[in-house]
Amino acid sequence: MLESIQRAGRLIFRLPQTGLDWSFGNALNPLRHLGALTIFFLWIVLVSGIWLFIFFRTSVNGAYESVEYLTHDQWYLGGVMRSLHRYASDAAIVTLVFHVLKEFVYDRYRNARWFSWTTGVPLLWMIIPLGITGYWLVWDQLALYVALTTSELIDALPIFTESMARNFLSVSSLSNRFFTLMAFVHLIGLPIFLVFGIWLHVFRINRPKINPPRALMAGALLSMLALSMVYPALSQGKADPSAVPANLALDWYYLLVYPLMKSWSPGMVWLLLTGFSLLLCLAPWLPPARPPAVARVNLDNCNGCERCVEDCPFGAVEMKPRSDGKKYASEAVVNDSLCLSCGICVGACPTATPFREKSSLVPGIDLPDQSTADLREHVTRAASALRGDRRLLVFGCEGSRGLARLENTETAVISMTCMAQLPPSFVDFILSRGLADGVVLAGCANGDCQYRLGERWTLQRLNRTRDPRLRKRVDNEKIALLWSEPWSDYGGPKAAVAAFRNGLNKTRPASATSAVPKPGRPAAVVLAWGLFAAASVVFTFWPRYSQLQAGHAIISVSFSHAGKRLQECHRLSQQELQKLPPNMRKPTDCPRERHPVSVVFRADNKPVFTITVPPSGFWKDGESNIYQRIELPAGPHRLFIGMGDTGKAGEFDYESQDDVSLSAGQHLVIGFDPMTRTFVFK
Ligand code: HEM
Ligand code: SF4
Ligand code: SF4
């Protein structure tokens, strides 16, 4: 089941990937740098955010005006920075979603990779609130919606005894301290956590790709700049608690679940969010992947050269002091829980050479179920069956596709886990012993190795810039390195292998590894960035969201009130006082627990809601918090509200009735004045 979903996902993924391979080339394909691009967009957010912060005023009256000043008066810089800040935040979500999907469909999240996956989930809980608090700071109509809905969500948690949403119901209840708090959370608190979270996320990876190639950085920045010029980010009218905007341009990337609050209870929304996050966290074990047969060190052949440590993409090998008394200072030790059995360390080990004929071929490090000795056996057997004068041995990896179709009397295909599993000495061995006339290494794709660094190390080893280097005596014209992607830089593998074979016996052989020119690439690149920019902005304003039916108004019933105590205070008699220890004697005994508060609300003599709210606090001695939002059609209404605080069913200790005329989009707040003990309609 899981495999079918992943296979289908890979097929879907390949469509844009193949198109982008064609336009960007394999190494610059943005879909191969999704994590790094997310980080780059976050850099843009940070730099533009610093500029906005310089001019931002953290007060109820100053916030909106300062953002308006940046947008309009300082449009050439502040306005651009604001748009960059918003659109780069959205672009980061787009690349992030693709990043997660890609790791999932390519099965790069289980076994030792669980750590990166699971530490990725809290990043979502940092980056989304970062966006939400950003929208809050603008203090426009969307900000008011965000503030109220977020507060309603937070109120559902047993954190505060007071209702947070009440702070945003009327102008008089707004306070500057919320802006200061939000500014702190948005500008300092969450970014610090995010930086630490990203560090932890890539902590266990060897040489994580945290910066995209320069050309991609330039493309990403230019596309965001162009978008900011063409479609500047604007506010949606100053926040006015007495009105409910009919429809809002909602940023769906950050606020996707907010509309659910209209029909679901906050508890249900929390259940969805925590359930989804938990499911994501547990995904690497649903179902658990079969543990790979991890690499094994053979101390007799390990000389402590450290190349396996350098090359392992997952930091699974470390050097420890020698334990067998040999003259070398250290020995390689594999951490089984980190090893993914890719074999890259075997390709790096200088002792994994097929020329060792007298002793048995047991390198310093090897994979138990794909040993180097078996590989040599496989190579010699496959080579002996080849016929003709242009015999090829093609080495493919787990991610290479369609290589089996290349097999014929002149071509044999040998599959390995990763291309970098093949020590360069094998290429020398094959060509110098005349086992084949050419060797092809067909990896999954440039920059997209299933085991992260395999294609990079292979290229460097064959180019003789990384140990173990290919020996100088090997004729480069007899080796082809290509990617098996259909639109790879070298064309499809079939065409590339045919071109390589044809060139083998010519005086100046054609190189299969020279890129196929693709006219029209620059235009395709511009188009791709344009589409990406459009995708980053489209869901920030479409579809528009209406929190209220046309021609309706909202009534918020919101106040705190303490129910009467369950038992009245009781004055202790002399005898009762004598029975108590001296330090606990007090004249009256007041049991703390209070009655719950019941509220009944009717409109036009019809019941709208009836609720009973328990007292807050651990000892049930605090105030009961009443907070309800109701939608009513605009027009005249007779409203009745009654409250009971003595636990007597059907009886009201306070009540009020008022005839009101609601206008469309009006927001009426009904509170309770504790001084006059009357309901207030405002
Ligand atoms: C702010 C959000 C995120 C950023 C900036 C980010 C960035 C990165 C980077 C730079 C890498 C290293 C890529 C490489 O060198 O191969 C990486 C790896 C990874 N990320 Fe993320 N990531 C984020 C969120 C997530 C999330 C939410 C998940 C999944 C729930 C996730 C899953 C993974 C996995 C499984 C790897 C390891 C891939 C491998 O071992 O081949 N990431 N991420
Ligand atoms: S590469 Fe081979 S010889 Fe070198 S430390 Fe690792 S196992 Fe030992
Ligand atoms: S097999 Fe791969 S993951 Fe395991 S130690 Fe070797 S290089 Fe590292």
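All residue numbers refer to positions in the sequence shown, counting from 1. One-based numbering, in listed order, for ligands and for the atoms of each.
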Ala92, Gly120, Ser277: member with heavy atom nearest to atom 26 (C) of ligand 1: Gly120
Lys/Arg N to Asp/Glu carboxylate O, Arg113 vs Asp107, below 4.0 Å: no
Structural part of Glu331 in contact with ligand 2, heavy atom criterion under 4.0 angstrom: neither
Protein contact to atom 3 (S) of ligand 3 [nearest heavy atom, distance to 0.1 Å]: Leu340 N, 3.3 Å
Heavy-atom gap Val100 to ligand 1 smaller than 4.0 Å: yes
Side-chain ion pair, Asp467 and Arg461, N-O less than 4.0 Å: no
Basic-acidic side-chain contact under 4.0 Å: Arg207, Glu310: yes
For Cys308, the ligand 2 atoms whose distance to one of its heavy atoms is below 4.0 Å: 1 (S), 5 (S), 6 (Fe), 7 (S)
Top protein contact for atom 7 (C) of ligand 1, by heavy-atom distance: Gly35 CA, 3.6 Å
Atoms in ligand 2 with a heavy atom of Cys302 nearer than 4.0 Å: 3 (S), 5 (S), 7 (S), 8 (Fe)
Closest protein heavy atom to atom 24 (C) of ligand 1, given as residue, atom name and distance to 0.1 Å: Leu96 CD1, 3.3 Å
Test log, rule side chain to side chain contact (heavy atoms under 4.5 Å, CB included), inputs Leu481 and Thr458: CA-CA 9 Å; Leu481 180 66; Thr458 306; 4.2 Å; yes
Side chains of Cys397 and Thr417 in contact at under 4.5 Å (non-hydrogen atoms): no
Electrostatic pair Asp448-Arg108, nearest N-O below 4.0 angstrom: yes
Proximal ligand 2 atoms for Ile365, defined as those under 4.0 Å from one of its heavy atoms: 7 (S)
Part of His201 with heavy atoms under 4.0 Å of ligand 1, whether side chain, backbone, both or neither: side chain
Salt bridge present between Arg473 and Asp428 (N-O < 4.0 angstrom): yes
Cys349: numbered ligand 2 atoms lying under 4.0 Å from its heavy atoms: 1 (S), 2 (Fe), 3 (S)
Identity and separation of the nearest protein heavy atom to atom 2 (Fe) of ligand 3: Cys342 SG, 2.2 Å
Distance filter under 4.0 Å to Asn303 heavy atoms, resulting ligand 2 atoms: 3 (S), 4 (Fe), 8 (Fe)
Identity and distance of the protein heavy atom lying nearest atom 38 (C) of ligand 1: Glu103 OE1, 3.2 Å
Options Pro363, Gly364, Ala352, Ala295, ranked by nearest heavy atom to atom 7 (S) of ligand 2, top entry: Gly364
Closest protein heavy atom to atom 11 (C) of ligand 1, given as residue, atom name and distance to 0.1 Å: Val202 CG1, 3.6 Å
Salt bridge (Lys or Arg N to Asp or Glu O under 4.0 Å) between Asp336 and Arg296, worked out: CA-CA 9 Å; Asp336 292 3; Arg296 286 277 155 254; 3.1 Å; yes
Minimum non-hydrogen distance to atom 37 (C) of ligand 1, winning option of Ser116, Ala283, Pro122: Ser116
Minimum-distance protein heavy atom relative to atom 3 (C) of ligand 1: Leu123 CD1, 3.6 Å
Heavy-atom proximity to atom 15 (O) of ligand 1, best of Arg32, Lys209, Met126, Gln450: Lys209
Identity of the nearest option to atom 4 (Fe) of ligand 2, non-hydrogen atoms only, from Gly304, Cys312, Cys305, Ala348: Cys305
Per-atom contacts, ligand 1 versus Ile39 - under 4.0 Å to a heavy atom: 5 (C), 10 (C)
Identity and distance of the protein heavy atom lying nearest atom 29 (C) of ligand 1: Trp117 CE3, 3.5 Å
Arg110 to Trp285 six-membered ring, cation-pi geometry met (6.0 Å, 45°): no
Atoms in ligand 1 flagged as close to Arg452, the criterion being non-hydrogen separation under 4.0 Å: 14 (C), 15 (O), 16 (O), 39 (C), 40 (O), 41 (O)
Check: His99 N/O within less than 3.5 Å of ligand 1 N/O: yes
Distance from atom 5 (S) of ligand 3 to nearest protein heavy atom, with residue and atom: Val317 CG2, 3.5 Å
Cationic tip of Lys102 above Phe98 ring, under 6.0 Å, 45° of axis: no
Which of the ligand 1 atoms, numbered from 1, are nearer than 4.0 Å to a heavy atom of Arg108: 35 (C)
Lys/Arg-Asp/Glu bridge criterion (N-O < 4.0 Å) met for Arg381, Asp374: no
Ligand-residue contact atoms, ligand 1 with Pro208, heavy atoms, under 4.0 Å: 15 (O)
Region of Thr118 engaging ligand 1 - heavy atom pairs below 4.0 Å: neither
Under-4.0 Å heavy-atom contact with ligand 3, by part of Cys339 that carries it: both
Heavy-atom nearest neighbour in the protein, as seen from atom 40 (O) of ligand 1, with distance rounded to 0.1 Å: Arg113 NE, 3.1 Å
Numbered atoms of ligand 2 (with element) below 4.0 Å of Glu306, judged on heavy atoms: 4 (Fe), 5 (S)
Metal check, atom 6 (Fe) of ligand 2 vs Cys345 N/O/S, cut-off below 2.8 Å: no
